[in-house]
Protein chains: 2
Amino acid sequence: MKFAHISYDAGTVRILDQTKLPADMEFIDLRSWRESAEAIKGMRVRGAPAIGILAAYGLAQAARAAAGPAGAVAGAGASRNGASAHDLMSALEDAAEQLGAARPTAVNLRWALSKLLASARALAAGGASEQTIAAALESEARALHEADVESCRRIGRAGAALLPVGVSVLTHCNTGDLATGGYGTALGVIRSAFADKKLAHVYVSETRPLLQGSRLTAWELAQDGIPHTLITDSMAAHFMQAKAIGAVVVGADRIARNGDTANKIGTYGLAVIARAHDVPFIVAAPLSTFDAATGSGADITIEERSPEEVTLLYGRAHAPAGTHAANPAFDVTPAGLISAIATEGGVLRPPLAGAIDDMLSQEHEGSTATLEAAKGRAK
Amino acid sequence: MKFAHISYDAGTVRILDQTKLPADMEFIDLRSWRESAEAIKGMRVRGAPAIGILAAYGLAQAARAAAGPAGAVAGAGASRNGASAHDLMSALEDAAEQLGAARPTAVNLRWALSKLLASARALAAGGASEQTIAAALESEARALHEADVESCRRIGRAGAALLPVGVSVLTHCNTGDLATGGYGTALGVIRSAFADKKLAHVYVSETRPLLQGSRLTAWELAQDGIPHTLITDSMAAHFMQAKAIGAVVVGADRIARNGDTANKIGTYGLAVIARAHDVPFIVAAPLSTFDAATGSGADITIEERSPEEVTLLYGRAHAPAGTHAANPAFDVTPAGLISAIATEGGVLRPPLAGAIDDMLSQEHEGSTATLEAAKGRAK
């Protein structure tokens, strides 16, 4: 994309409203952390890494609002700072709780919030002023945004290396620029494979109910000139039976310690169908998607969204009035159906549990170099 | 339903326009066989048995139009009759060809046309007048319509007998009143199981792209007070993983001699997913769905419909302008994934090829009693 779909300036987050795509390119300004939380809840920005970034900016907004204008308390003594920093931290904890609750499944959201909260706490403990803390959170949110783009490029290269020349892939939902800081996870793999001249074709599943495949992924692929065919979610098995699809590449909203992966509803069915056709099933996700606190898929909360997302299209009901509809936004693919996970630290291969444990402990030490070792062991 | 969705009177077929459901109950009059063919092509009536019935009425319309008003040639001699009957047969062959081409996959369409054409030929060969032939085709079309309702009730009982008490089933597309002469095939099984107090719940897959599940099946189930939940096609695997679904019951558009079954796109994926979860996969279809001339699924022509059915919803594009979309209307489920086929002649079980061969040869002899023997052998 030629523009940032999320940008931040002086307490305002400007986002491209993804609910209006592809018909309208409408940017909206989020002027408070509450507006940012609402935008996440309403899926104006969606995609696990992207909502992590928006939540980080949201927390920066909360800090800026709580700190007041720069210089307001200039010259105040340390104790005065300490008390105010305490108030600021309370405001931040409250904002983080509500931002984190906006969507329950993707872990990147809470990962980003935890990271920023920890920084704020450390600064507060060191006697920093509210303004200093607020400025630091703004910087950290921006840094997190920039790092996500770089992670996506590394994920893209790692994932593309797994694909053979001439491959046609199926992808689900949207995992591109719009789902991340930029470039994309699964779509980053596709972009990288296309750049490497390996990619023949992309099958895009429309991704009911909210049609992120047709509205967003087809839109991104068209912008990049990557050849693609839109299909309904129900056609995937037919095209695998016809041997038209050589790999499935998807993103992730949360990866448990054992490798079980929550992703957009429909992903698990694709994994089952891919396995039945001996088609590799590749997950592409940044390290922030792995959650050490989640042992397995059974521990993942699946967000249940409004049934009207299923029964209405453009405000018009296609089911009879009063029809009961289910709307789980995600499903869980067991680790055993996943051929590989492409991360910015390299590729994890089955058995995933050990590879993930190694990776998480290395990450804890802040080292990405050692990820390569984890990757090696996993092989 | 309290009304017939297809009825015939004096050369006019009145149909409920299924493309308008559930928002509008709009009946339209088809005044010629060409209008009937257009209604089949435009899916105003759809469902393999239902389009067979409409095609039969269409051929009766063609005969009536070609024969002219009753009594017009009263008193004409045998040779005059013979020549006119020859013209009538030419008109009928032409109409049958175009009615049969309206949709290529369902075999019931061509089965009904062949049956009526054979009757007309026999009458013509016996020296019957055009009026006699036309009247006979009207009677035969009505009889075929009535027989389909009775077949559906028998299919329903046969299929319901396969289900355990307390079962929740998943069904795909619409196979009910609206897809048949009345009662339904897979939905007939569901109706019968509900009447037997065996049925706990029905999961209705919405069936993209044309949403027959949400528009038609949810509508029929609501009318009958059968508890149901609408899901997107992509949710089926999630609910099987959650053990919410005890059986999948679907209809069929064509069953090959080896048991491979063409049905609405998405059926094959459901069969793969059902097998992976050890969930029985039951096909419900009348004998007219079996095609002795089709050896296996590889011989079945899959209708490719307009990409706009995938990219537009209520006339509004949800994919970017120019997006290439695939739209195969059907897929083929290999016999090996089918647990049983419920027919009006009883239940066929694997290995299906032998059971079908027996059944087709018995049917050829016009005996349904011997179907029970075929069924026995298949067990």
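Side chains are part of it too, since the values below use all heavy atoms of this structure and drop only hydrogens, waters and symmetry mates. By convention in this document, chain letters (A, B, ...) are assigned in the order of the sequence lines, proteins followed by strands, and residues within each chain are numbered from 1.
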First locate atom CD1 of B:Ile265, then atom CZ of A:Phe239, and finally report the distance between them rounded to the nearest 0.5 Å. 7.0 Å
Hey, are the side chains of B:Glu206 and A:Arg208 touching, using non-hydrogen atoms and a 4.5 Å cut-off? yes
Measuring from atom NE2 of A:His318 to atom CG of B:Leu211, what distance do you get when rounded to the nearest 0.5 angstrom? 5.5 Å
Would you mind telling me which of A:Ala317, A:Ala326, A:Ala222 has the largest number of heavy-atom pairs within less than 4.5 Å of chain B? A:Ala326
Checking heavy atoms, do the side chain of B:Ala218, its backbone, both or neither come under 4.5 Å from chain A? both
Let's test your reading of the structure: which of B:Asp331, B:Ile231, B:Ile273 forms the most heavy-atom pairs below 4.5 Å with chain A? B:Ile273
Under 4.5 Å from any heavy atom of chain B - which part of A:Tyr203: neither
So, does B:Gln241 use its side chain to make a donor-acceptor pair with the main chain of A:Val332 at under 3.5 Å? yes
Could you have a look at B:Gly266, B:Pro307, B:Ala276, B:Pro334 and say which one has the most heavy-atom pairs with chain A under 4.5 angstrom? B:Gly266
When the 4.5 angstrom heavy-atom criterion is applied to B:Ala242 and chain A, the contacting part is neither
Between CG of B:Leu312 and CG of A:Leu313, what distance do you get to the nearest 0.5 Å? 12.0 Å
Looking at A:Gly322, A:Gly269, A:Pro227, A:Pro320, which has the largest count of heavy-atom pairs under 4.5 Å with chain B? A:Pro320
Give me the atom names and distance for the closest heavy-atom approach of B:Pro22 to A:Ala319. CG-C, 3.9 Å
Top residue by heavy-atom pair count (under 4.5 Å) with chain A, among B:Ser234, B:Ala271, B:Ala237? B:Ser234
Taking B:Thr232, B:Asn327, B:Val204 one by one, which has the highest count of heavy-atom pairs under 4.5 Å against chain A? B:Thr232
Please confirm whether the ring centroid of B:His277 lies under 6.0 Å from the ring centroid of A:Tyr268. yes
